[in-house]
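Only one structure is covered here, and it is reproduced in the block below.
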Number of protein chains: 2
Amino acid sequence: MASEQSENYLKNIYKLSSGEGKVTTSSLSDKLQISPASVSEMIKKLAEEGTLTHTPYKGVELTEEGKKLALRIIRKHRLWEMFLVEVLHFRWDEIDDEAERFEHIMSDKMEEKIDHALGHPLTDPHGDPIPTKDGELKCPMSHPMSDVRAGSTVRVVRVSDSNSEMLQYVASIGIALNKEIHVKQKMSFDNSMLVKIDNNEVNISSTIASNIFVENV
Amino acid sequence: MASEQSENYLKNIYKLSSGEGKVTTSSLSDKLQISPASVSEMIKKLAEEGTLTHTPYKGVELTEEGKKLALRIIRKHRLWEMFLVEVLHFRWDEIDDEAERFEHIMSDKMEEKIDHALGHPLTDPHGDPIPTKDGELKCPMSHPMSDVRAGSTVRVVRVSDSNSEMLQYVASIGIALNKEIHVKQKMSFDNSMLVKIDNNEVNISSTIASNIFVENV
DNA sequence: AGTTAAATTTAGGTATACCTAAATTTATTT
DNA sequence: AAATAAATTTAGGTATACCTAAATTTAACT
């Protein structure tokens with residue numbers, strides 16, 4: 001069995017890869033808040049274990065086995081989040097940290113019991129799909145628009161409803177479900193994005209971008 | 001905050017000390033299945049941290065702070081066990097290992113939520129008392145079944161959770177919380193007991209009898 | 001194309017928590 | 001009281017996973 005930290009790397013590589021394809025050392029370093037040097041080391045170890053392939057100086061890609069493991073962790077994370085909200089009545093904004101720690105120590109038996117107690121839910125409280133036990137993902141997984149690379153075109157599948165003022169603004173600039181968005185440029189200074197919606201160019205702040213969930217098109 | 005392993009040491013020192021007073025390196029080594037050398041090292045570290053006092057070659061004793069921490073872990077362990085049985089319908093011989101891992105990552109908020117969801121229970125599924133948040137512990141009036149005289153009828157209030165194999169066996173012969181047991185005979189040669197449970201006659205070894213806690217009925 | 005900047009990797013070092021083997025202290029036996 | 005046995009501690013070493021600083025590779029800019 002992979003170590004707790006290995007699992008964490010796999011999970012986050014999977015998440016980044018759905019927005020980026022190949023995942024770089026620095027994007028992982030950013031996401032995990034671990035120095036690039038340490039990430040580089042760990043990548044070497046994971047490559048030896050066969051959960052990912054590494055092209056030095058280029059990036060990493062999960063193997064089939066690595067993807068299975070990542071989806072299994074994501075399944076545990078999302079089932080546990082669902083459980084926290086439905087059964088223990090945690091608020092939405094409280095659950096992520098709790099699930100973060102638990103996903104790695106959750107036994108397979110516990111996974112089953114929780115899945116059963118919740119009636120085999122298909123999505124977590126954020127609306128993200130819960131992978132199956134075999135590591136399959138029925139509906140495509142969305143990712144925050146903030147993870148999308150410049151040059152890509154994506155389709156909106158979900159807008160986080162944490163803030164109604166933001167929802168209204170987002171609608172006013174033409175963003176709606178199934179709307180296609182082309183990312184022209186990512187500003188390095190504040191991570192805002194220049195995007196094209198219905199032939200209009202708009203600048204979107206990183207805060208907003210991280211609340212708009214898209215799939216590749 | 002103490003590390004996960006520190007917590008484990010404190011918890012087990014507490015458990016041993018209630019039966020032994022001072023706890024030795026070798027008894028801890030036995031209980032934790034960690035070499036005496038490693039235990040000795042860890043003890044030195046815990047003594048420096050102030051959670052226990054160590055008289056070299058003699059043994060250790062928890063400080064007030066150490067006892068508080070230990071009882072806090074035990075509280076989390078027992079609350080989680082209760083939750084596993086009451087809410088997720090685990091069998092009571094399955095829960096100990098699950099709780100073992102979780103007790104160390106359970107946040108204070110989670111502790112509160114679970115305590116509330118269970119209606120502030122006073123004992124865990126084995127009948128062991130759950131310490132309060134301030135680290136107080138009230139033992140129920142009970143005695144080991146090995147002390148019961150032939151001819152008495154008693155009620156099970158607690159089964160010591162020291163050994164999961166024994167727990168499973170005990171469950172298999174029909175012994176459960178609040179179950180009534182009639183002691184028919186005590187064998188003088190090996191101190192085993194002939195008892196009646198649900199109209200079945202069973203022989204119980206002295207080892208098992210000393211791990212089943214009962215009250216008179 | 002050549003230089004500079006950015007990203008990545010390697011080198012050397014830290015902390016935790018474990019191990020075996022050897023040394024030391026304490027307890028037991030003759 | 002001396003010798004031996006048992007318990008405990010110290011010494012030296014391992015694995016994981018992190019770090020900073022230096023070296024290397026790739027990308028970007030005149």
Side-chain angles (χ1 to χ4, degrees), chain A residues 1-13 16-17 20-61 66 69 73 100-101 103-105 147 149-151 185-189 191, chain B residues 1-13 16-17 20-61 66 69 73 100-101 103-105:
Chain A
M1 190 56 191
S3 79
E4 201 159 306
Q5 265 310 75
S6 298
E7 289 184 352
N8 222 25
Y9 275 79
L10 294 178
K11 186 188 78 171
N12 283 289
I13 290 166
L16 286 173
S17 71
E20 292 184 17
K22 261 202 178 167
V23 177
T24 63
T25 300
S26 49
S27 62
L28 249 182
S29 167
D30 274 3
K31 183 134 197 173
L32 295 169
Q33 296 287 35
I34 291 171
S35 77
S38 302
V39 170
S40 191
E41 261 182 349
M42 188 60 138
I43 281 172
K44 214 167 69 183
K45 214 201 70 187
L46 293 170
E48 275 160 21
E49 285 174 7
T51 48
L52 54 77
T53 56
H54 181 214
T55 319
Y57 294 101
K58 293 300 177 184
V60 299
E61 211 160 1
L69 283 170
I73 304 302
E100 205 64 43
R101 294 192 307 280
E103 64 195 17
H104 305 295
I105 66 153
D147 288 353
R149 275 179 311 180
Q185 204 181 341
K186 269 177 108 162
M187 310 304 184
S188 56
F189 52 89
N191 289 312
Chain B
M1 190 53 190
S3 80
E4 202 159 306
Q5 264 312 72
S6 298
E7 290 185 352
N8 222 25
Y9 274 79
L10 294 178
K11 185 187 77 170
N12 283 288
I13 291 167
L16 286 173
S17 72
E20 291 184 19
K22 261 203 177 164
V23 177
T24 63
T25 300
S26 48
S27 61
L28 248 181
S29 168
D30 275 3
K31 182 134 197 175
L32 296 169
Q33 295 287 39
I34 291 170
S35 77
S38 302
V39 170
S40 191
E41 259 181 350
M42 189 59 140
I43 280 172
K44 212 166 73 184
K45 215 201 71 185
L46 292 171
E48 273 160 21
E49 285 174 9
T51 47
L52 53 77
T53 55
H54 180 214
T55 321
Y57 294 100
K58 294 298 180 185
V60 299
E61 214 160 359
L69 283 169
I73 303 303
E100 205 64 44
R101 296 192 305 280
E103 64 195 16
H104 305 295
I105 66 154

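Below, chain A is the first sequence line, B the second, and so on; all start at residue 1.
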Shortest non-hydrogen separation from B/Lys58 to B/Thr24 and the atoms involved
O-CG2, 4.1 Å
Check A/Ala2 against A/Glu7 and note the closest heavy-atom contact, atom names and distance.
O-OE2, 3.9 Å
Contact class for A/Ser38 vs. all strands (heavy atom < 4.0 Å): base, sugar-phosphate, or nothing?
base
Heavy atoms within less than 4.0 Å of DNA chain C: which residues of residues 47-55 of chain B have one? Give them sorted by number.
none
Partner set under salt bridge (charged side-chain N to carboxylate O under 4.0 Å, His left out) for B/Lys11, not counting sequence neighbours:
B/Glu100, B/Glu103
Students should find this one: the first and last nucleotides of DNA chain D, 5' to 3', lying under 4.0 Å from a heavy atom of chain B. What are they?
D/dT8 to D/dG12
Reckon B/Ser26 touches a base, only the sugar-phosphate, or nothing at all at heavy-atom distances under 4.0 Å?
sugar-phosphate
Any donor-acceptor N or O pair under 3.5 Å, side chains B/Ser26, B/Ser29:
no
Hey, which of these two, A/Ile34 or A/Lys58, hits DNA chain D nearer its 5' end, going by closest nucleotide?
A/Ile34
Give me the atom names and distance for the closest heavy-atom approach of A/Ile34 to A/Ser38.
CG2-CB, 3.5 Å
From the options A/Thr25, A/Asp30, A/Leu28, select the one residue that forms a side-chain contact (heavy atoms from CB on, under 4.5 Å) with A/Pro36.
A/Thr25
DNA chain D: 5'-proximal contact among A/Val39 and A/Pro56 (nearest heavy atom):
A/Val39
Which heavy atom of A/Ala150 sits nearest to which heavy atom of A/Gln185, and what is that distance?
CB-CA, 4.1 Å
Base, sugar-phosphate alone, or nothing: which one does A/Thr25 contact when heavy atoms must sit under 4.0 Å apart?
sugar-phosphate
Indicate yes or no: does B/Glu41 engage B/Lys45 in a salt bridge with an N to O separation below 4.0 Å.
no
